[in-house]
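This report concerns only the one structure given below.
In each ligand, atom 1 is the first atom listed, and ligand 1 is the first ligand listed.
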Amino acid sequence: MANSKYEYVRNFEQPDHLLPQSWIVVRIDGRGFHKFSDKYGFEKPNDRRALDLMNAAAVDVMKDLPDLNIAYGVSDEYSFVFHPSCQLFERRSSKLVSTIVSSFTASYIFHWPEFFPDKPLEASHLPTFDGRAVLYPTASILRDYLSWRQVDCHINNLYNTTFWNLVLKGGMSNTEAEKALQGTVSSDKNEILFSRFGINYNNEPEIFKKGSVVYRQYELEEPQSSTATETPDASRGKEELSRTQQEKLRKLRCKAKVVVEHVDIIKDDFWARRPWILSNRPGRLPAA
Ligand code: DGT
Ligand code: MG
Ligand code: MG
């Protein structure tokens with residue numbers, strides 16, 4: 001590149017390479033979705049179309065970035081996870097976050113008409129997302145992060161389901177419903193749902209109770225005796241993969257189907273049967 005007297009301004013750019021050998025989570029969240037969901041008439045407390053649209057956008061992001069290992073979504077947020085060995089964009093935080101945010105937003109807007117055919121987006125109310133990258137030093141802490149999001153999903157969903165039943169079917173005002181739920185624990189909310197509205201919370205759709213998990217599907221494996229979180233940290237990228245090896249892995253990943261499931265990711269079973277997510281070594285593709 002030709003040198004000019006302006007060249008020095010480059011020095012104002014700050015490096016933002018994320019620490020090596022740590023899990024990277026990019027979490028994005030809808031901006032002002034409280035208003036946005038009202039504007040487009042999302043059903044309360046859960047709008048299946050809105051959640052399916054979030055999932056469609058997340059699948060596109062996973063396909064766009066084969067380095068991603070898993071993603072977890074609930075409400076207007078999605079967490080995207082990169083393995084500690086990931087070298088995408090030299091691990092530069094702003095590149096990773098801005099790419100995921102814009103890729104997700106573009107896809108969300110692209111798919112909108114499939115899920116809301118009768119509600120075209122208006123230029124004055126367009127969906128936008130913010131994003132941040134957070135590092136987690138071990139697979140066990142990464143799992144705790146994902147468990148935190150899934151527990152949050154459950155707690156919020158139980159509260160919201162009870163709240164909106166009290167309002168929409170029970171005839172309470174928002175303030176009355178809020179008061180009625182003050183100081184209640186889970187079992188109280190289950191009881192209110194069952195005794196007043198005949199709803200067994202356990203029978204609510206899994207997507208509402210557990211959120212959505214997106215990952216590359218290989219053949220499920222028999223759980224090994226070692227716990228799911230022990231092995232992966234050994235292969236966290238201390239031995240740098242050559243470019244050719246990385247390219248080969250990327251190609252293998254692109255061949256796997258990206259699936260969306262609404263399952264428990266807190267217990268060991270999910271991870272033990274899908275060791276490729278934490279190990280970063282592609283599994284066996286299912287026979288066609
Ligand atoms: P923010 O993130 O600080 O810009 O503000 P919000 O308004 O996006 O707040 P946040 O992210 O804490 O909460 C998500 C909002 O999105 C919450 O008010 C409820 C709404 N929302 C998300 N999914 C659904 C849905 O399926 N149905 C309805 N009715 N609302 C939803
Ligand atoms: Mg939000
Ligand atoms: Mg949110």
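In terms of distance to the Mg ion (ligand 2), the nearest N, O or S atom of Asp29 is named OD1. The N, O or S atom of Asp76 lying closest to the Mg ion (ligand 2) is OD2.
Across all non-hydrogen atoms, the minimal contact from Pro137 to Ile141 is CG-CD1, 3.7 Å. Taking each heavy atom of Ser103 and Val61 in turn, the nearest pair found is OG-CG2, 3.6 Å.
Ligand 1 has no nitrogen or oxygen under 3.5 angstrom from a nitrogen or oxygen of Asn46. Geometrically, ligand 1 and Arg31 share no nitrogen or oxygen pair separated by less than 3.5 Å. Between Leu51 and ligand 1, not a single N/O pair is under 3.5 Å apart.
Judged by distance alone, the side chains of Asp60 and Tyr108 never bring a donor and an acceptor atom under 3.5 Å apart. Using modelled atom types, one finds a donor on one side chain and an acceptor on the other under 3.5 Å when comparing Ser85 with Asn280. Between the side chains of Ser212 and Tyr78, not a single donor N or O lies within less than 3.5 Å of an accepting N or O.
Scanning the protein for heavy atoms near atom 22 (C) of ligand 1, the closest one is Ser75 OG, 3.2 Å. Atom 5 (O) of ligand 1 has as its closest protein heavy atom Gly32 N, 3.6 Å. Asp76 OD2, 4.5 Å is the protein heavy atom nearest to atom 9 (O) of ligand 1. In this structure, atom 6 (P) of ligand 1 lies nearest to the protein heavy atom Phe33 N, 3.5 Å.
Every atom of ligand 1 is numbered from 1 in the order shown, and the set under 4.0 Å from a heavy atom of Lys44 is 29 (N). Set against the non-hydrogen atoms of Glu43, the atoms of ligand 1 under 4.0 Å away are 27 (N), 28 (C), 29 (N).
A centroid separation of 6.0 Å or more is found between the aromatic rings of Phe33 and Tyr40. A ring-centre distance under 6.0 Å is not found for Phe89 and Phe82.
In this structure, atom 19 (C) of ligand 1 is not in close contact with the protein, since no protein heavy atom lies within 4.0 Å of it. Protein heavy atoms all stay at least 4.0 Å away from atom 3 (O) of ligand 1. Put simply, atom 12 (O) of ligand 1 has no protein non-hydrogen atoms near it, under 4.0 Å away.
Side chain of Gln150 to main chain of Val263: a donor-acceptor pair is present (N/O by atom type, distance under 3.5 Å, no hydrogens or angles).
In summary, Phe33 places no N/O/S atom under 2.8 Å from the Mg ion (ligand 2), failing the contact criterion.
The backbone and the side chain of Asp47 each have at least one atom closer than 4.0 Å to an atom of ligand 1 (non-hydrogen atoms only).
Nearest residue to atom 25 (C) of ligand 1 from Ala50, Ser37, Pro45 is Pro45 (criterion: closest heavy atom). When His34, Lys35, Arg49 are ranked by how near their heavy atoms come to atom 17 (C) of ligand 1, first place goes to His34.
In this pair, Phe36 and Trp112 present their aromatic rings perpendicular. The plane angle is above 60°, beyond the 30 to 60° band. Taking the six-membered ring where the residue is Trp, Phe12 and Tyr8 present perpendicular rings, their angle passing 60° and hence far from 30°.
Follow the hydrophobic side-chain contacts under 4.5 Å out from Val26 and you never reach Leu146; the two are in separate clusters.
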